[in-house]
Amino acid sequence: MLDPKYIREHIEEVRMNCKRRNVRIDIDTYIELDKKHLAMIHIVESIRAERNAVAAKMQNANPDERAVFIAQGKELKESLASQENELVACAVEWKNLLLQFPNLTHPDVPEGKTDDENTELRIVGEIKKLSQPLDHIALCQKYDLVDFERATKVTGSKFYFLKGKLARLEQALISYTLDLLEPEGYLAITTPDIAKDDILVGAGFQPRGPETQIYSIENSDISLIGTSEITLGGYHKDETFSCATLPIKYAGISHCYRTEAGSYGRESYGLYRVHQFSKVEMFIVCTPEQSEAMHLELLRLEERVFQQLEIPYRVVDICSGDLGGPAYRKYDLEAWMWGRNMGKGGWGEITSTSNCTDFQARRLNIRVKGDDGVSHFVHTLNGTAISLARALIAILENHQQEDGSILIPQVLVPYCGFKKIG
RNA sequence: GGAGAGGUGGCAGAGUGGUCGAAUGCGCCAGACUCGAAAUCUGGUUUGCCUGCAAGGGUAACGUGAGUUCGAAUCUCACCCUCUCCGCCA
C-alpha cells in the first residue's frame, strides 16, 4: 500500500509509476474518492465534536437544560448516523482502490512490460557438455524417484510423491540451507501453512477472486500460503520495533501452495510448476536505511547456495512491468535446466528476492521507532533460500553424468548420506 | 467438544454510565543531589487520522464487531483469544 498522503502530493509521479509497472488503475477516480473521503471525515468529525460538547454540558445541567440537551443530542445522533454510513461506504471504495496501487519503483529498475525485457546481469558457472542430456522427468522415471501418476488418484494433477533418494535429497537440501544461513544471522523458523485472509492481503496477495493463485478454505477466512513470507510478515503484524533490534532475519520453513490458475504447456511440465512444494524462505524486517544493503545480502546468499550446489545460473534484474505489486526491486536467479526449451535446455526461475520497502509494513502496520522517537514503517524483504521441486530439477539435470548416473553435490553428501544416484 | 474465569497503557493493576486517554505502582526518559553510581526527589512518558507555518485544536482507540443511551472502558448480544477443570486425541 502506498501512503495516501504521498499519492496526493505526487499524483503525476504515481501515475507514471503505474504506467511503467503495467498496472491499470483509474487514478482520476481515486483522486475524486480521496477528496470525497477527506470531506466526509471532516463532516463526521465536526458532528461528533458537537455531540461530545452537548454531552459534556449535560453534567452540570439543571433539569430544564437537560431536556434541551437531550433533544439536541438526539438530533445530532440521527444526522451523525447517516453521515457515518456514507463515510463507511466511501472509505471501503477508497481503500479498495488504494490497495491496487503497486509499490514505487527503484530508479535503476530496467524499463519493460514483460519478462522478455528483464535484464541479464551475469551468468555464473559452466553448463556441462552432455551428448544426450535427459530432463528430470526421464531421470526420475529411470530411477523411480517421483510418482506423478498415482498422485493423480489422491490429489489430481500437479502433485507428486517424492520417493527414496529424492525424498532424502529434499530433506538434505533443507538442512544444508539452514546450516548455511544460521551463521549469517537467520533464525530457522517453521511457520503454519495457512493464514487468515487479512494477513495474505497485508503481504500484498489477493486471496479470493477469479485471478487468485491462492487456495482458500471454504466457509472460513483462511487460505493456504503460497510462501512463508506471508506468515512471517503476519507474525509481526501491529508490532513496533526499536531500531536497535533490527534487522531481524528469518529462515522460514513451510510448504507452499499455488493453484497455478491459467498456467499450462511446456512451462508446467514435471516438477517445474506444481501445486505444492517445500521452501526455505529468507525474510527480513529492517529499517528503511538498511533495506538496500539487505537486498544485496539476500542476493549474495541465494547465489552462494547455487554456487555451492555447483549449478550454473544467471542473475536477472526484473523489469518494471514484471515486478508485481509489492516489490520495489526484484532479482531472480535462473538455473540451467535441460528440460526447458523443448529439450534444448534453457534458464528456469529458481529463486526470487524482493525489496518490498514499506509496502507490506504499511498494510501490516509494522513500525520502527527511531532514535529520534519518531515511528516509521519498517522495510520488509524476502528471498528464496531454497525452493524444493525446482532445486531438485536443477540438481538432477545438471549433475547427471555421461554414464546416466547422478552425482550428488559435495556439500550435500554429509546431509543425505549417499554420493550418487544410479 | 463441555463447564468456569478473564481480556484495560511497555508491564502489573484500579476503574461498574458523564468529572476517564484512563488512578496507583513498576519500568523508561530528562533534571536535581553525588567525584561517580545506587538510593532519594522533581518533571515527563500511547498511537492513528483530520486540521494548522507553528503553538495548538478536533476525532478515534480499554480483545473484535454490532446494539442500548443525550452520553459507554463501564450495560446488552455475537464472535475471537487466554487461563483452569473435564472429555477426546496425533
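Every value quoted in this text rests on a predicted model; they were computed, and no experiment measured them.
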Answer yes or no: does a side-chain N or O of [X] lie under 4.0 Å from OP1 or OP2 of [N]?
X        : N      : answer
A:Arg48  : B:rC50 : no
A:Lys369 : B:rU47 : yes
A:Asn52  : B:rG58 : no
A:Thr240 : B:rU46 : no

Determine the Euclidean distance between corresponding [atom1] atoms of [M] and [N]; express it in Å to zero decimal places.
N      : M      : atom1 : value
B:rG48 : B:rC86 : C1'   : 44 Å
B:rU42 : B:rC33 : P     : 15 Å
B:rA66 : B:rG71 : P     : 16 Å
B:rC75 : B:rG18 : C1'   : 14 Å
B:rA14 : B:rC20 : C1'   : 12 Å
B:rA5  : B:rG63 : C1'   : 16 Å
B:rG25 : B:rU64 : P     : 27 Å
B:rG17 : B:rA30 : P     : 42 Å

Taking a pair as Watson-Crick or G-U wobble with both distances under 3.5 Å, which nucleotide is matched to [N]?
N      : result
B:rA55 : none
B:rG67 : B:rC75
B:rA14 : none
B:rA37 : none
B:rG21 : none
B:rG27 : B:rU45
B:rA3  : B:rU84

Give the rounded distance in Å between these two atoms: [atom1] of [X] and [atom2] of [N].
X        : N      : atom1 : atom2 : value
A:Asp238 : B:rU64 : CG    : C1'   : 12 Å
A:His37  : B:rA60 : NE2   : P     : 15 Å
A:Gln72  : B:rG71 : CD    : C1'   : 13 Å
A:Glu50  : B:rA60 : CD    : P     : 13 Å
A:Glu78  : B:rC70 : CD    : P     : 11 Å
A:Glu75  : B:rG71 : CD    : P     : 13 Å
A:Asp198 : B:rC79 : CG    : P     : 19 Å
A:Lys237 : B:rC80 : NZ    : C1'   : 14 Å

Do [X] and [Y] have side-chain atoms, one donor and one acceptor, less than 3.5 Å apart?
X        : Y        : result
A:Arg21  : A:Thr105 : yes
A:Gln360 : A:Thr380 : yes
A:Glu292 : A:His295 : no

Scan [X] against the nucleic acid and name what it touches under 4.0 Å (heavy atoms): base, sugar-phosphate only, or nothing.
X       : result
A:Leu38 : sugar-phosphate
A:Arg8  : sugar-phosphate
A:Lys5  : sugar-phosphate
A:Lys77 : base
A:Arg51 : sugar-phosphate

Legend entry - 5' precedence on RNA chain B between A:Glu45 and A:Phe69 (nearest-nucleotide basis):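 Final value for this comparison: A:Glu45.
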Legend entry - Nearest-nucleotide comparison on RNA chain B, the residue closer to the 5′ end among A:Ile41 and A:Ala56: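 Closest to the 5' end, via its nearest nucleotide, is A:Ala56.
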Legend entry - Option passing side chain to side chain contact (heavy atoms under 4.5 Å, CB included) with A:Met282 (candidates A:Thr177, A:Leu301, A:Asn382):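 One option only clears the test, and that one is A:Leu301.
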Legend entry - Shortest non-hydrogen separation from A:Gly383 to A:Leu298 and the atoms involved: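 Minimum heavy-atom separation between A:Gly383 and A:Leu298: N-CD1, 4.2 Å.
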Inset, instruction - Would you indicate whether A:Glu170, at its atom CD, is surrounded by more than 12 heavy atoms from other residues, nucleotides or ligands within a distance under 6.0 Å? - result: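 Above 12, so yes.
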Inset, instruction - Mind checking side-chain contact (heavy atoms from CB on, under 4.5 Å) for A:Lys419 and listing every partner two or more places apart, or none if nothing turns up? - result: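 So A:Lys419 forms a side-chain contact (heavy atoms from CB on, under 4.5 Å) with A:Val413.
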Inset, instruction - Looking only at side-chain atoms of A:Ala55, point me to the closest of B:rU51, B:rU59, B:rG71. - result: B:rG71
Legend entry - A:Glu297 and A:Lys249: CA distance, side-chain angles, deciding distance, salt bridge (Lys or Arg N to Asp or Glu O under 4.0 Å) verdict: CA-CA 11 Å; A:Glu297 173 174 308; A:Lys249 305 177 187 179; 2.9 Å; yes
